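Have a look at the structure below before the remarks.
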Amino acid sequence: MSAAKLLEVRDLKTHLFLKRGVLKAVDGVSFDLAARETLGLIGESGSGKTMTGLSLLGLPPKPAGRIVEGSVKLDGRELVGLPEDVLVDEVRGRQIAMISQDPMTSLNPVFTVGAQVAAPIRAHGLAEASAAMGMAVDELDRVRVPSARERSRDYPHQFSGGMRQRVVAAMAIACRPRLLIADEPTSALDVTIQVQFMDLIERLQAETDAALLFITHDLGVAASLCHRIAVMYAGRIVELADATELYAAPKHPYSQGLLASVPKLGRRGERLTAIPGNPPNPLDLPSGCAFHPRCPHATEQCRREAPPAVQVDGGGEVACWLHA
């Protein structure tokens, strides 16, 4: 997209320092994101998707997690290295907000949903108590919670899974952040509710001009929602391309394997293609390209050296020696 960059991530590295060794959860991730753009972050479990999102918020798991290198700029402001109190007061919830995978981990069972939606509004000084509650009702109405004023007095257990996810979305957009991070927000929802929630996210994004980082393992959801797709493997982005281009002609062997493993309508009786082997142990990554033990095109160079990300036809980037 040609719009000005809202988020600039360069060579971001987040490591977990464990007794068993150093786990390179995010190992040199770079990407940009413009206002109103949606970037999908896809890959297998353990590829570093969620850790990338947490790193943007300065929230690697403590005490083991630490951002060891790289840059995260929002509207040109460097976020890596900011003091914790500045991140709490000015960034988290105010400029960057996150919608988590399981709404029950984001909602406190002992407080009403209205009080919880009002909490970030009060915390960031946008309104006092009574006014904040009125704004919370407006946000619940915005995410289409029926009878928002009455339901604002209810507790999380009184809501269905889909409605709880709407409440979490209301909390996320309450302070009108510039960037929304949605971490597997539809994985706990049935297919019908997934569609409704994706429509809701698109509408909220259009209303607030927010950028959206959409973390998912669901290739179908990513195809319907995202402008561009970044494919992660072993803590790195191995391919980044326009969504249409990626699905039509993936360049990296891992991207090709992911798309080949998806069932397709009208192709009855065909066996699905499986990527051979297993994801690498993150505490003991192979040398060179981390995908080479599973790659049908691996060469000696792949085993020795990690490939750089290079521009390819269509405007995307791929980290593979086949295209270097």
Side-chain angles (χ1 to χ4, degrees), residues 1-4 6-7 33-42 53 56 74-75 93-103 106-107 113-114 116-121 124 126-127 132-152 154 156 159-216 218-229 242-244:
M1 295 181 70
S2 59
L6 170 68
L7 178 72
L33 197 50
R36 301 188 72 170
E37 182 186 12
T38 299
L39 174 66
L41 206 55
I42 67 173
L56 301 183
L74 186 70
D75 273 335
R94 188 70 182 92
Q95 295 181 311
I96 305 177
M98 193 168 194
I99 302 172
S100 65
Q101 179 175 356
D102 180 6
S106 301
L107 298 173
V113 298
Q116 295 185 65
V117 175
I121 298 172
H124 291 289
L126 301 183
M133 188 57 71
M135 292 173 66
V137 171
D138 291 341
E139 296 305 323
L140 290 171
D141 187 62
R142 185 183 297 274
V143 298
R144 296 180 179 173
V145 172
S147 306
R149 186 168 300 279
E150 291 74 21
R151 296 306 309 270
S152 69
D154 290 340
F159 285 72
S160 67
M163 282 295 136
R164 283 196 293 263
Q165 197 64 292
R166 288 172 184 258
V167 172
V168 173
M171 292 173 62
I173 66 167
C175 297
R176 297 297 181 270
R178 303 296 312 283
L179 171 65
L180 276 174
I181 302 170
D183 185 10
E184 303 273 13
T186 62
S187 62
L189 308 177
D190 63 47
V191 174
T192 303
I193 304 302
Q194 277 187 10
V195 173
Q196 294 176 2
F197 190 75
M198 287 189 296
D199 289 342
L200 171 66
I201 289 293
E202 287 187 300
R203 181 173 60 82
L204 294 176
Q205 186 182 11
E207 290 176 0
T208 61
D209 287 336
L212 175 63
L213 180 65
F214 193 82
I215 299 169
T216 184
D218 191 321
L219 299 178
V221 172
S224 65
L225 188 64
C226 301
H227 300 107
R228 292 186 298 145
I229 303 288
D242 177 85
T244 303

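All residue numbers refer to positions in the sequence shown, counting from 1. As the structure is a computational prediction, the values presented were derived from the model and not from experiment. Reckoned from all heavy atoms, side chains included, excluding hydrogens, waters and symmetry mates.
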How close do Ala35 and Ala211 get, heavy atom to heavy atom, and via which atoms? CA-CB, 4.3 Å
Quick one, Ser106 with Met171, criterion side-chain contact (heavy atoms from CB on, under 4.5 Å). Give me CA distance, side-chain angles, the key distance, then yes/no. CA-CA 10 Å; Ser106 301; Met171 292 173 62; 5.6 Å; no
Applying side-chain contact (heavy atoms from CB on, under 4.5 Å), can you list everything that pairs with Asp154, at least two apart in sequence or on another chain? Arg151, Gln158, Phe159
Ile96 vs Pro177 side-chain heavy atoms within contact, under 4.5 Å: no
As an exercise, state the distance from CZ of Phe214 to CD of Glu184, rounded to the nearest 0.5 Å. 8.0 Å
Does the side chain of Leu6 come within less than 4.5 Å of Asp75's, by heavy atoms? yes
Under the rule for side-chain contact (heavy atoms from CB on, under 4.5 Å), what residues qualify as partners of Met98, not counting sequence neighbours? Leu54, Leu57, Ile181, Asp183
What heavy-atom pair brings Gln116 and Pro156 nearest, and what distance separates the two atoms? NE2-CG, 3.7 Å
Measure from the side-chain N and O atoms of Glu37 to the backbone N and O of His227, and report whether any donor-acceptor pair falls under 3.5 Å. no
Apply the side-chain contact (heavy atoms from CB on, under 4.5 Å) test between Leu39 and each candidate in Ile215, Leu33, Leu7; give the one that qualifies. Leu33
Working to the nearest 0.5 Å, report the span between CD1 of Ile99 and CG of Leu213. 11.5 Å
Rounded to the nearest 0.5 Å, what separation is found between the OG atom of Ser224 and the CG atom of Leu219? 11.0 Å
Donor-acceptor contact below 3.5 Å, side chain Arg176 vs main chain Ile173: yes
Spatial distance of atom CD (Glu207) from atom CZ (Arg36) [nearest 0.5 Å]: 10.0 Å
Closest approach of Ala172 to Ala97 (non-hydrogen atoms, all atoms of both residues): O-CB, 3.3 Å
In this structure, CZ of Arg178 is separated from CG of Leu74 (nearest 0.5 Å) by 7.0 Å
So does Val137 get a backbone contact from the side chain of Arg149, meaning a donor-acceptor N/O pair under 3.5 Å? no
Contact check, side chains of Leu212 and Leu225, non-hydrogen atoms, under 4.5 Å: yes
Any non-hydrogen side-chain atom of Leu180 less than 4.5 Å from a side-chain atom of Gln205? no
Would you say the side chain of Met133 lies within less than 4.5 Å of the side chain of Ile121, judging by non-hydrogen atoms? no
A side-chain contact here means heavy atoms from C-beta on lying under 4.5 Å apart; do Gln196 and Arg166 qualify? yes
Euclidean distance, Arg228 CZ relative to Asp242 CG, rounded to 0.5 Å: 9.0 Å
Looking at every heavy atom in both Ala127 and Ala132, which two are closest together, and how far apart are they? CB-N, 3.8 Å
Please find the pair of heavy atoms, one from Met163 and one from Pro146, that lie closest to each other, and give the distance. SD-CD, 3.9 Å
Partners passing side-chain contact (heavy atoms from CB on, under 4.5 Å) against Ala170 (at least two apart in sequence or in another chain): Val117, Glu139, Leu140, Val143
Measure across Ile42 and Ala222 and return the closest heavy-atom pair with its distance rounded to 0.1 Å. CG2-CB, 4.0 Å
